Amino acid sequence: MDIKKTHDIGTLGSSMKGQKVVVGGWVEDLRELGKLTFLTLRDVTGVSQIVVAGAENLQQVKDLTRQSVVQITGAVQESKARDFAYEIKAEKVEILSRAIHPLPIDPLGRLESGIDNRLNARALDLRNQKTASIFKIRHNVLLCIRKVLTDRGFLEVSTPKIIGSASEGGANLFSLKYFDKQAYLAQSPQLYKEQLTLGLERVFEISSFYRAEKSHTVRHLTEFTSVDIESAFMDYTDVMEILEQLIVSVFEHVEKTCIQEQKNLGMEIRKPKAPFDRVTYRQAIEDLGKQGLTLSFGDDLLDSHLRKLGEIHPGFYFLTEWPLKLKPFYIHEKDDDPEVSKSFDLQYGYLELSSGGRRLHDPAKIKARLLEQGLDPAQFEDHLRAFDWGMPPHSGWGLGLDRLMTVLTQIDNVREVVLYPRDPERLFP
RNA sequence: GGGCCGAUAGUUCAAUCGUAGAACAAUCAGUUGUCAACCGAUAGAUGUGGGUUCAAUUCCCGCUCGGUCCA
């Protein structure tokens, strides 16, 4: 049987009256009126109405279920329907695949199923135009990120996800058996991307990373997508600017290109204004002190603190110059204030979207910091070797793509914006 | 790991210590212009183990699963 479509539904129009077409798609809805049946047929490009008449064709669609796959051969004609400018009068109806009934969720979303049911039937959930819109937006976000970074002279790279030693200290790593060796799943491309600056100067990676944290919240996943950049000859303020411009570009791009998706989601994307506020850690704890939350220099900011800061600074802002001791071993200290680091987080309200900074490039300093943090420099031998081969001063950041998606789409739960999310409980599908 | 909330029909919800109700979906009948079609009929459910009670879906405890907040 020939399954060649002559047209995608989105390419049809009322100007094609009388033209014979072959279309294929999923039965979204069907209305039987005795000697006449209307089908609403959807493919990935759009939706159309099919009119079925005649004893033989009616027999074909008599026990047709919603979401079944059909191929229609027919002619385009004018429609009297309110919602369709044209329709297809079916000459031949072929059922290519039958959907069972009942389906585990209502893919039209007329009755909105709970997230657990939808994730259990995720592939089907994508027939819901609201859900599909999220992932069309995600595609456009990725497209834009690649374009912006490429235009800035960054090269896209892929680093290993199976790693032989714990890259930033052992906590929170998934371990796995690698034949007869111990291996781990990478929680960040940090060490690799730093090394790559000495050969490629400016690199970025968009990839999944893994964190074995038993956090069950709307913003944590054990497998998440990270956008990472690392650049030689840039200070932390330079990569902050790149991040800021990237965020603005992403919002602008989606605002312009995803009109229908915004409609489907019932939301409007509004481009944020650059520059974002820059708030130093010292300023932040001072502000918190005024709100009755007393902190000393060196205290980490808890969720409650970040929420309060989020109230003071709604939207995007940078939280900069953290105490060095709160930062990983590879972060550079400030020249005039060695207690403070050349580091920043990009926040959206209370939500941390990105973390970055200037990195140490002097191997002696790195070794000292490793010891300070109770880590064994011998474990980092492979990494440290590269620092003797002409390691340039460099800076970078990692951006949580899934979290950015929740901000962009104004959706609370990060599971909504990931096709098959992994959290401490969910391993299937 | 801890707190709070929850688990009722395929789905989304309601109710009750004593016959568990609706909407959408389904099945059957009718309908040649529907478009979240209409119309009549039919069928379909209290997560799991224990306890209290004459009686538990309802109250209590454990477990499992989910949601959410915190660490």
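Since this is a predicted model, take the numbers as computed values, not measurements. In the text below, chain A, chain B and the rest are named by the order of the sequence lines, each starting its count at 1. Below, all heavy atoms of this structure are taken into account, side chains as well, without hydrogens, waters or symmetry copies.
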Heavy-atom nearest nucleotide on RNA chain B taken for A:Ala81 and for A:Arg426; more 5' hit belongs to A:Ala81
Considering only NZ, NE, NH1 and NH2 on the basic side and carboxylate oxygens on the acidic side, decide whether A:Glu91 and A:Lys20 come within less than 4.0 Å. yes
B:rA41 versus B:rC4 - spacing of their C1' atoms, nearest Å: 46 Å
Heavy atoms only, 4.0 Å cut-off, all strands: where does A:Ser215 land among base, sugar-phosphate and nothing? base
Between A:Thr40 and A:Lys62, which is nearer to the 5' end of RNA chain B once each is assigned its nearest nucleotide? A:Lys62
With sugar-phosphate meaning primed atoms plus P, OP1 and OP2, does A:Leu108 contact a base, only sugar-phosphate, or nothing at under 4.0 Å between heavy atoms? nothing
For a quick check under 3.5 Å, do A:Tyr210 and A:Gln187 share a side-chain donor-acceptor pair by atom type? no
Report, as yes or no, whether the 6.0 Å neighbourhood of atom CG on A:Leu427 holds more than 12 heavy atoms from other residues, nucleotides or ligands. yes
Determine the interatomic distance between P on B:rC61 and the same-named atom on B:rG67; round to the nearest Å. 23 Å
If you look at every strand shown and take non-hydrogen atoms under 4.0 Å, does A:Glu425 touch a base, only sugar-phosphate, or nothing? sugar-phosphate
Over all strands shown, is A:Glu213 touching base, sugar-phosphate only, or nothing at heavy-atom distances under 4.0 angstrom? nothing
Students often get this wrong, so: under 4.0 angstrom with heavy atoms, is A:Arg307 touching a base, only sugar-phosphate, or nothing? sugar-phosphate
Assess, by modelled atom type and distance only, whether the side chains of A:Arg138 and A:Thr225 contain a donor and an acceptor separated by less than 3.5 Å. yes
Among side-chain atoms of A:Asp29 and A:Thr40, is any donor-acceptor pair under 3.5 angstrom? no
Would you kindly say whether A:Arg426 and A:Asn120 are connected by a side-chain donor-acceptor distance under 3.5 Å? yes
Reckon A:Ser79 touches a base, only the sugar-phosphate, or nothing at all at heavy-atom distances under 4.0 Å? base
Using Watson-Crick and G-U wobble pairs with both distances under 3.5 Å, what is the 5'-to-3' dot-bracket string of RNA chain B, with [ ] for crossing pairs and | for pairs outside the strand? (((((((..((((....[..)))).(((.(.......).)))....(((((..]....)))))))))))).
Okay, side chain of A:Asp8, backbone of A:Gly10: is any donor-acceptor separation there less than 3.5 Å? no
Sugar-phosphate only, base, or nothing, as touched by A:Asp106 at under 4.0 Å among non-hydrogen atoms: nothing
Between B:rG50 and B:rU12 - P atom distance, rounded Å: 28 Å
Could you give the distance separating B:rC5 and B:rG10 at their P atoms, to the nearest angstrom? 28 Å
Taking only N and O in the side chain of A:Asn117, is any of them less than 4.0 Å away from OP1 or OP2 of B:rU12? yes
